[in-house]
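Let me begin by presenting the structure, written as structure tokens, before commenting on it.
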Amino acid sequence: MEKLLVFVEAKGDEPRKATIELLSETRNLSDAGSFAVTAVGLGKISEHAIEKVLGYADRFVRITDGLLDDYTPEGYSEALAAYARQEDVRLVLGAATQAARDFLPRTAVLLGAGIASDVTAIGWADDPMTFVRPMYGGRVPSRCTFTGYPAVVSVRPNAFAVAPAGARRGEYVEWRAGVSPDRIKTRVLRVERESKGKIDLMEADSIVTGGRGMKAAENFALLEELAAALGGAVGASRSVVDAKWRDQDDQVGKSGKTVSPKLYIAAGLSGAIHHVMGMDTSGVILAINKDPNAIIFNYADYGIVGDVMEVVPAMTAELKKRTGR
Amino acid sequence: MTIVVLAKQVPDPEALVEVRAGGTELQIEQKFATNLFDEYAIEEALRIKEKHGGKVTIITLGGPKATELLRTALAMGADDVLLLEDPAFLEGDGYATALTLSKAVATQGADLVLCGRQAIDDDRGEVGPMVAEFLGLPHVGAVMKLDIGDGAARAERAVEGGREVVEVTLPAVITAAKGLNEPRVPQVMGVMKAMRAQIPRTSPADLGLAPSDIGKAGSKLKIERYFTREKRAAVKFIEGTPDEQAAEAIRILADVERVV
Ligand SMILES: Cc1cc2nc3c(=O)[nH]c(=O)nc-3n(C[C@H](O)[C@H](O)[C@H](O)COP(=O)(O)OP(=O)(O)OC[C@H]3O[C@@H](n4cnc5c(N)ncnc54)[C@H](O)[C@@H]3O)c2cc1C
Ligand SMILES: Cc1cc2nc3c(=O)[nH]c(=O)nc-3n(C[C@H](O)[C@H](O)[C@H](O)COP(=O)(O)OP(=O)(O)OC[C@H]3O[C@@H](n4cnc5c(N)ncnc54)[C@H](O)[C@@H]3O)c2cc1C
């Protein structure tokens, strides 16, 4: 049977949600007998994360090597390519997180393989297999095929739905990579985390983004409250980031992040094309703007003409009432 | 310090892009700009040169129009430019494009290669890391702050939920993200000089590349079809007082759309 390799990324003790989405999709394929699915974790990875992933994969291979304890693109790409080569896999897959998008292109070169980045849909049963990826800021989806295999694919978070873990439990294996020490030329000196436990924008199911209409940094507390009630994250337009009301990390758009949550709420932002390019593939879009002619309404499913300062807290209150939280 | 910048001309974000011929062709309005992230890369190269001395060479792979990008870079202060122009170079995937660019970089003996985090037309973000791998160099991606030291550089990059400070030995490939700098506007004198400059060109043979290895022929990923995104239905406005609007919005999101 042909093999799929799924790169597992963890955040703290948990496998990333985007990894579980991808594994949920590939588990269907393994259940249907179309592919054998091996999940691969590199370096340190918690028992808990391994346990969780074993509910989705036929095998979990932990690639061990002291040189993989810290993420480096050189180390990760080499280890993953070496294992993929040994196993003669069809596809190397990973959720299109920042880390995966950083090192998977190198893995592709090492394998002499093509890469499709940030795909939003896969036609597994097509011959040859097809991959849909958005181009031009999501305006033009394109359907691609590979001319040969193995091939490398990264999948956009929220492209597949999370399914509960299955009854079958995969086997756990360790594999020693033998990363070449002289290959590693980057060293992480320090990591500064802004806020622990913050939901990552690219993986969030819902995002509440504020624009200049929020008027001041303090007012983002209103959006934080709504996002908390939704279990989502807060985004920002570029004007807001430039005004230093929010961190660069929160910026959605062409020069920021491309997000695709199930629900996107745009609060007090005008809908400039540069912004829209980063959120246009979201599921449901709700815009709140005091100007009935704001461009953002052209990209929204639902619109509220009103003052964010009034509408947003009222939505939070309503949501809390419903969920009893 | 020999610095090479890889920069790409992309359609302006507002250029009309139309899907034609049953999805087999794209018609792109002829409005181009230097890829935003590549402007940061060019600016950073110039600042490093101003501080540490050296030479900045801009390389682009593209059609005849890509000379505009190179002239702008010259006007900003770049020393040298190189255009990889040949029909065989075009329409490559990330692999073929990176292979080609890596051969061009190799001719320069670079201490530092700067490129953009991603091109805004294809949104791949593949080329920087792939060029690095083809050259056997390390890379640091999505860099927001860069300090060049002796034989090494210190780079600050955005990671999910924070930032990471990485030390990398040179030569290395750095991909630029927003926040790295504010690109300068070229001065009139520079523009005049750039207008007259000869743009050197390189062919596949010069780089030792066979046409079958590059561009469309050398691509491992083929585009079968382009689609037009289904447009969202027209916006539905939710009326009433703010409280009524809020209640109705939550009802729709929860009961109709089932997204909360
Ligand atoms: C090269 C380039 C790259 C860019 N990249 C990005 C990017 O990545 N992301 C991005 O977001 N932008 C980006 N921009 C900037 C973009 O073009 C816009 O300038 C920016 O998105 C506007 O931000 P805004 O919507 O917050 O502000 P504005 O355009 O000022 O809009 C504010 C909106 O708030 C509304 N409003 C005001 N008060 C209230 C109130 N009390 N209640 C309700 N509504 C209210 C107003 O009606 C208005 O529509 C980029 C621009 C360039 C040139
Ligand atoms: C079948 C197929 C056909 C294609 N046809 C075309 C086409 O006709 N025209 C087209 O423009 N693209 C075409 N592409 C896309 C082309 O493959 C991309 O330009 C290439 O893969 C680079 O990806 P990217 O542009 O997303 O760059 P990214 O990987 O996102 O770019 C990152 C950085 O790499 C550097 N870089 C990337 N490309 C260049 C370049 N050409 N010159 C200098 N530096 C560069 C820049 O610094 C850039 O910021 C095609 C792709 C496929 C698969």
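Numbered from 1 within each chain, the chains take letters A, B, ... in sequence-line order. As the structure is a prediction and not an experimental result, all values here were calculated from the model.
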Full working for side-chain contact (heavy atoms from CB on, under 4.5 Å) between A:L319 and B:V260: CA-CA 9 Å; A:L319 197 58; B:V260 302; 4.1 Å; yes
Chain B contact via A:A317 - which portion, at a heavy-atom distance below 4.5 Å: neither
Set of residues satisfying ring pair (Phe, Tyr, Trp, His ring centres under 6.0 Å) with respect to A:Y71, sequence neighbours excluded: A:Y76
Option in A:T316, A:V311, A:D200 with maximal non-hydrogen atom pairs under 4.5 Å from chain B: A:D200
Contacting moiety of A:E203, where chain B heavy atoms sit under 4.5 Å: neither
A:Y149: partners by ring pair (Phe, Tyr, Trp, His ring centres under 6.0 Å), with sequence neighbours left out: none
B:A249, part contacting chain A, at a heavy-atom distance under 4.5 Å: side chain
Side chain to side chain, B:T228 and A:V140, heavy atoms closer than 4.5 Å: no
Lys/Arg-Asp/Glu bridge criterion (N-O < 4.0 Å) met for A:D102, B:R117: no
Contact origin within B:V19 toward chain A - heavy atom pairs under 4.5 Å: side chain
Nearest heavy-atom neighbours spanning A:R322 and B:A254: NH1-CB, 3.7 Å
Part of residues 133-142 of chain B lying next to chain A, heavy-atom separation under 4.5 Å: B:E133, B:F134, B:G136, B:L137, B:P138, B:H139, B:V140, B:G141
Under 4.5 Å from a heavy atom of chain B, the part of A:P313 involved: neither
Side chain to side chain, A:T186 and B:E167, heavy atoms closer than 4.5 Å: no
Greatest number of heavy atom pairs closer than 4.5 Å to chain A - which of B:V259, B:V165, B:L26, B:V17: B:V165
B:L221 vs A:I115, side-chain contact (heavy atoms from CB on, under 4.5 Å): CA-CA, chis, key distance, verdict: CA-CA 7 Å; B:L221 185 72; A:I115 180 165; over 6 Å; no
B:R251, part contacting chain A, at a heavy-atom distance under 4.5 Å: both
Which portion of B:L99 sits near chain A, non-hydrogen atoms under 4.5 angstrom: neither
Part of B:A132 lying under 4.5 Å from any heavy atom of chain A: both
Portion of A:S77 that has a non-hydrogen atom of chain B nearer than 4.5 angstrom: side chain
Interatomic distance, A:F297 atom CZ to B:F237 atom CZ [nearest 0.5 angstrom]: 4.5 Å
Under 4.5 Å from any heavy atom of chain B - which part of A:L189: both
Per-residue contact mode, B:L36 against chain A (heavy atom under 4.5 angstrom): side chain
Residue part contacting chain B, namely of A:I285, when any heavy atom lies under 4.5 Å: both
4.5 Å side-chain heavy-atom contact, B:P129 and A:F103: no
Top contributor to chain A contacts, counting heavy-atom pairs under 4.5 Å, from B:V159, B:V235, B:I238: B:V235
Per-residue contact mode, A:S206 against chain B (heavy atom under 4.5 angstrom): neither
A:M135 vs B:Y226, side-chain contact (heavy atoms from CB on, under 4.5 Å): CA-CA, chis, key distance, verdict: CA-CA 9 Å; A:M135 292 173 71; B:Y226 299 101; 4.0 Å; yes
Heavy-atom pairs under 4.5 Å with chain B, option from A:E74, A:R190, A:M202, A:R238 with the top count: A:R190
Max heavy-atom pair count under 4.5 Å with chain B, selected residue of A:Q251, A:Q248, A:E318, A:K185: A:K185
Pairwise ring pair (Phe, Tyr, Trp, His ring centres under 6.0 Å) hits with a residue in residues 155-174 of chain B, at least two apart: none
Proximity breakdown for B:A177 and chain A, heavy-atom pairs closer than 4.5 Å: neither
Heavy-atom pairs under 4.5 Å with chain B, option from A:T281, A:D307, A:I304, A:D301 with the top count: A:D301
Test log, rule side-chain contact (heavy atoms from CB on, under 4.5 Å), inputs B:L253 and A:L286: CA-CA 9 Å; B:L253 297 180; A:L286 166 69; 4.2 Å; yes
Under 4.5 Å from a heavy atom of chain A, the part of B:E257 involved: side chain
Largest heavy-atom contact set with chain B, pairs under 4.5 Å, which of A:E310, A:K257, A:R187: A:R187
A:D247 side chain near B:R163 side chain, heavy-atom distance below 4.5 Å: yes
Heavy-atom proximity to chain B below 4.5 Å, by part of A:D242: side chain
Region of A:Q98 that comes under 4.5 Å of a non-hydrogen atom in chain B: both
Greatest number of heavy atom pairs closer than 4.5 Å to chain A - which of B:L170, B:T241, B:D255, B:I28: B:D255
Engaged part of A:F131 at the chain B interface, taking heavy atoms whose separation is under 4.5 Å: neither
Student check: side-chain heavy atoms of A:R106 and B:V131 closer than 4.5 Å: no
Proximal component of A:D250, with respect to chain B [non-hydrogen, under 4.5 Å]: neither
Part of A:T107 lying under 4.5 Å from any heavy atom of chain B: neither
Most chain A-contacting option - heavy-atom pairs closer than 4.5 Å, from B:E248, B:R154, B:M130: B:M130
Winner by heavy-atom pair count (cut-off under 4.5 Å) against chain B, out of A:G306, A:A300, A:G232: A:A300
Region of A:V241 in contact with chain B, defined by heavy-atom distances below 4.5 Å: side chain
